A.B. asks: 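Sending over a structure as structure tokens; questions will come in a sec.
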Amino acid sequence: MLKALIKKQFKECFRSYYVNGKKNKSRSKAGIIGMYVLFTLLMLFLVAAFFGLSFLMGDPLFEAGYPEMFFAVISIISIALGVFGSVFNTYSALYMAKDNEQLLSMPIPPSVILISRIALVFGLSLLYSGIVWIPAMAYVLIFQKLPALAVVFGILLTFIITLFVTVLTCALGWIVALIASRMKNRSFLVVILTLAFLGAYYYVCFNMSTFLEGFVVNIRQILDAFKKWLGLFYQIGLAAMGDVRAMLFFTGLTAVTIVACLVILTKTFNMIVTRAPETARNKGPVKDGIARSYKTALFMKELKHFTSSPTYMLNAGLGIALLPAIAIFALYKQELIRDAVTTAFIFLPQVKQFFPAIVFIMVSMIGWLDAVSTPSVSLEGKTLWISHVLPVSGKDVLRAKLKLHVVLNLPSAIFGAVSLGYVFKMSAMDILVVTLYSCLFIWFSGAFGLVIGVLRPNFTWTSETMPIKSSLNLVIAWLGTLLVMAILLGSYYFFWEKYSVMVHLEITAVITAVLSILLTRWLDTKGAARFESL
Amino acid sequence: MLRIDHFTKSYGSKVAVDDLSLHIQPGEIYGFIGHNGAGKTTTIKSVVGILQFDEGEISVDGVSVKADPIGCKKKIAYIPDNPDLYEYMTGMQYLNFVGDIYGVSTADRKERIHALADTFELTGDLGQLISAYSHGMKQKLAIIAAWMHEPKLIIMDEPFVGLDPKASHILKEMMREMCDKGCAIFFSTHVLEVAEKLCDKVAIIKSGRLMRSGTMEEVKGDTSLESVFLEMDELNAMAAASKPAGEMEG
């Protein structure tokens with residue numbers, strides 16, 4: 001029973017690898033292999049990056065005689081990345097699946113349903129934690145000498161750390177679910193809680209860099225601080241060095257938390273998934289509506305969908321909150337930001353003239369993460385019939401989706417571009433150009449993502465997480481937009497002796513506008529016809 | 001009001017509906033009967049614009065579904081067999097959304113929503129998210145949304161499934177009232193007793209082909225609709241059994 005459920009969970013997760021969402025048909029063997037090759041290449045890239053990090057960090061620490069500190073820091077990064085990577089999915093994966101009632105009606109104990117879903121969280125956690133821990137182990141095996149027991153413990157720790165991450169993310173998902181089921185505006189609550197978690201995460205990361213800077217110099221004090229404040233990670237570090245006591249401690253702690261987590265989650269599972277939220281039980285008189293145009297109605301429908309789904313908001317709208325936060329931070333720490341950017345781009349001649357391009361990249365890259373439009377077609381799911389039977393054209397429906405992407409991202413992009421422009425002491429005209437270009441790029445990325453969404457829809461999901469996060473469409477949209485940006489800006493390499501950065505930005509802004517018009521034109525005509533035939 | 005002429009729809013090599021023709025006049029309640037998989041839902045989905053079809057012509061009040069789908073849809077209301085509605089909206093938000101799309105004025109929608117919701121005893125639930133609705137409540141909401149913009153043609157796929165007896169009775173009365181005002185109703189059902197009592201005309205479809213159609217008297221004569229349906233089924237089974245093996249395979 002459990003095996004069948006776990007198989008179903010993973011099948012859903014990896015559905016896009018086996019099924020062509022565009023045709024809703026199974027992929028050919030070559031297609032499946034191609035998907036796995038792409039996935040492997042992405043993983044190899046990340047593994048190589050963390051191998052490099054291990055190399056840079058490991059040598060001084062091993063030479064200074066503090067190998068356990070190396071493993072302690074790696075375990076922090078591994079756990080942080082594991083939690084960060086899985087936390088967005090956990091709440092919806094554990095509690096928001098569409099087959100909740102179907103499974104509960106079957107003779108399956110809730111604990112089995114829960115374990116099958118936790119298995120998926122474990123899989124994702126392994127992926128995120130593993131890309132840090134496994135290259136670190138590889139580095140140690142290749143370049144350092146460790147006792148045999150340390151190697152065995154190191155391999156075992158890959159799984160024990162993953163289990164620990166799984167417990168942490170499940171606990172967070174459970175807290176969010178528990179509070180959300182008792183709150184009225186639960187979507188926003190989930191978003192606020194997650195953003196608070198993210199804020200804390202970034203705060204730790206920010207301080208961590210300061211912490212790492214003086215690592216080797218103040219190693220003794222840091223070691224003491226680790227033992228005092230971050231004892232758990234220090235124990236992991238000792239365990240990875242072959243310390244049996246530390247290994248037993250961390251394994252025992254993980255086992256106890258797993259058992260406690262399973263008991264609590266199982267006991268509350270039925271209550272959480274079957275309890276209607278406060279808004280759902282809102283009986284009594286309701287306000288009558290006021291007539292609006294059908295275009296406004298379509299737009300408001302898209303907005304309502306976005307604001308009602310924490311998964312959608314967090315995965316496709318993080319930049320909306322992140323960009324103003326970064327801009328405010330930059331305004332607060334102007335000199336620090338200017339110095340940091342000047343140092344980072346020291347290889348550029350006359351770095352100041354590149355500031356407008358750097359501001360544009362910063363704004364666009366953060367906005368680029370907001371793939372609001374990409375999953376919006378697939379998100380129609382089983383309600384697609386409504387768009388088809390209402391007297392509205394496919395063009396109107398797609399325009400509403402594109403409008404949502406632009407309207408949500410535009411204010412933060414404008415604020416971000418103007419604030420960062422001010423921080424980098426750009427002229428008013430340059431700020432205006434960069435702001436306009438950033439707005440154009442948002443239009444482009446929205447239209448491009450929507451084109452991908454129309455070409456490769458998937459309406460057969462059981463959890464919104466699938467189209468919002470676990471879809472190849474997002475990868476294509478992100479990589480495609482990134483490629484276009486790289487080509488447009490990178491082409492300055494050939495012209496930098498002929499004209500200024502600003503002129504190049506103006507030219508590429510015009511090109512972006514033309515591309516956006518072409519994509520929107522396609523959406524209005526062929527895209528609309530395709531949407532109507534879905 | 002609804003003309004279906006030589007309509008054919010295939011899924012790949014499988015012909016789901018083959019050369020179907022039906023004419024429905026204003027004021028008529030037209031029942032559409034057939035086995036599971038007979039082609040009822042395919043026909044209905046093609047009429048309302050969900051499915052695009054290969055051959056034939058469908059028009060509503062003189063407007064072609066193919067040539068002017070939007071114009072056609074403005075005259076239609078559709079209630080599916082399984083009303084998957086926007087679960088992130090409350091009942092009231094959904095009704096207002098539909099009202100906005102069909103251009104129903106603020107005053108009209110207020111009056112109609114309250115009247116219809118009171119009739120179906122759904123007023124107190126309109127502030128709830130649709131995700132908390134039962135199947136029957138969703139069905140009632142879909143009916144209110146359909147009636148709200150006063151369409152000329154109402155198309156329903158198994159409309160009585162999930163409704164409680166009182167709501168079923170109300171719906172039947174509303175269907176008759178609507179047709180008395182000149183609207184036409186085309187609906188599929190498996191409940192032959194309902195079709196027999198409610199419909200002015202009926203069509204029986206089997207394996208994508210129209211077997212019989214006409215007024216209730218023309219179709220059933222002195223017997224019941226159930227007897228006609230079962231008799232026809234038996235005759236078809238016998239005809240299929242008497243065919244040579246090679247012919248059957250072909």
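Just so you know, these numbers use all the heavy atoms, side chains as well, and skip hydrogens, waters and symmetry mates. Every value quoted in this text rests on a predicted model; they were computed, and no experiment measured them.
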A.B. asks: For chain A, which of G71(B), G49(B), P80(B), G99(B) has the most heavy-atom pairs under 4.5 Å?
C.D. replies: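 Most heavy-atom pairs under 4.5 Å with chain A: P80(B).
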A.B. asks: When rounded to the nearest 0.5 angstrom, what is the spacing between NE2 in H388(A) and CG in L51(B)?
C.D. replies: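 Nearest 0.5 Å value for the NE2-CG distance: 9.5 Å.
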A.B. asks: Under the side-chain hydrogen bond (donor to acceptor under 3.5 Å, both in side chains) rule, collect the residues that match up with S188(B), sequence neighbours excluded.
C.D. replies: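 Expected list: D157(B).
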A.B. asks: Roughly how far, to the nearest 0.5 Å, is the CD atom of E532(A) from the CD atom of Q52(B)?
C.D. replies: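 Answer for the CD-CD pair, Q52(B) versus E532(A), is 7.5 Å.
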A.B. asks: Tell me whether the count of non-hydrogen atoms from other residues, nucleotides or ligands lying under 6.0 Å of NZ in K45(B) goes above 12.
C.D. replies: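 Atom NZ in K45(B) is not crowded, with 12 or fewer foreign heavy atoms closer than 6.0 Å.
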A.B. asks: For L85(B), is there any backbone N or O sitting under 3.5 Å from a side-chain donor or acceptor partner on T383(A)?
C.D. replies: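 Not a single qualifying donor-acceptor pair exists.
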A.B. asks: Is the count of non-hydrogen atoms from other residues, nucleotides or ligands lying under 6.0 Å from K66(B) atom NZ greater than 12?
C.D. replies: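 It does: K66(B) NZ has more than 12 such atoms within range.
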A.B. asks: Relative to chain B, which segment of L384(A) carries a heavy atom at a distance below 4.5 Å: side chain, backbone, both, or neither?
C.D. replies: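 For L384(A), there is no contact with chain B at all, as no heavy atom is under 4.5 Å.
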A.B. asks: State, yes or no, whether a side-chain contact exists between V392(A) and I101(B) at a heavy-atom distance under 4.5 Å.
C.D. replies: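 In contact.
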A.B. asks: What's the separation between atom OG1 in T106(B) and atom CZ in R292(A), rounded to the nearest 0.5 Å?
C.D. replies: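 Spacing of OG1 (T106(B)) from CZ (R292(A)) equals 10.0 Å.
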A.B. asks: I'd like to check the side-chain hydrogen bond (donor to acceptor under 3.5 Å, both in side chains) partners of K401(A); sequence neighbours left out, ordered by chain and number.
C.D. replies: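 Listed in chain order: E302(A), E380(A).
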A.B. asks: To the closest 0.5 Å, what do you measure between CD (Q93(B)) and CE (M300(A))?
C.D. replies: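 So the gap between those two atoms works out to 9.0 Å.
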A.B. asks: Test side-chain contact (heavy atoms from CB on, under 4.5 Å) on D100(B) and T296(A) and set out the steps.
C.D. replies: CA-CA 8 Å; D100(B) 289 337; T296(A) 309; over 6 Å; no
A.B. asks: Inspect the surroundings of NZ in K295(A) and state if more than 12 heavy atoms from other residues, nucleotides or ligands are less than 6.0 Å away.
C.D. replies: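 Not buried by this count: 12 neighbours or fewer within 6.0 Å.
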A.B. asks: Which distance, rounded to the nearest 0.5 Å, do you find between the CG of L390(A) and the CD1 of I70(B)?
C.D. replies: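 Here the rounded value is 9.5 Å.
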A.B. asks: Counting C-beta onward and ignoring hydrogens, is there a side-chain heavy-atom pair between I386(A) and Y94(B) closer than 4.5 Å?
C.D. replies: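 Side-chain contact under 4.5 Å: yes.
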A.B. asks: Between Y88(B) and K304(A), what is the shortest heavy-atom contact and its length?
C.D. replies: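 Closest pair (atom of Y88(B), atom of K304(A), distance): O-CE, 3.2 Å.
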A.B. asks: Is it the case that the side chain of K73(B) and the backbone of S393(A) share a donor-acceptor pair, with hydrogens and angles ignored and the cut-off at 3.5 Å?
C.D. replies: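 Judged by distance alone, no pair lies under 3.5 Å.
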A.B. asks: D84(B) versus chain A, heavy atoms under 4.5 Å apart: side chain, backbone, both or neither?
C.D. replies: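 Both parts, backbone and side chain.
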A.B. asks: Any chance you could measure K110(B), atom NZ, to K287(A), atom NZ, to the nearest 0.5 Å?
C.D. replies: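 NZ of K287(A) is found 12.0 Å from NZ of K110(B).
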A.B. asks: Please find the pair of heavy atoms, one from R109(B) and one from I290(A), that lie closest to each other, and give the distance.
C.D. replies: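 In terms of heavy atoms, the two residues are closest at NH1-O, 3.9 Å.
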A.B. asks: Decide if atom NZ of K74(B) counts as having more than 12 heavy atoms of other residues, nucleotides or ligands within a radius under 6.0 Å.
C.D. replies: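 Counting neighbours around NZ of K74(B), 12 or fewer heavy atoms of other residues, nucleotides or ligands fall under 6.0 Å, so no.
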A.B. asks: I'd like to know whether CZ of R521(A) has more than 12 heavy-atom contacts from other residues, nucleotides or ligands below 6.0 angstrom.
C.D. replies: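 Counting other residues, nucleotides and ligands, CZ of R521(A) stays at 12 neighbours or fewer.
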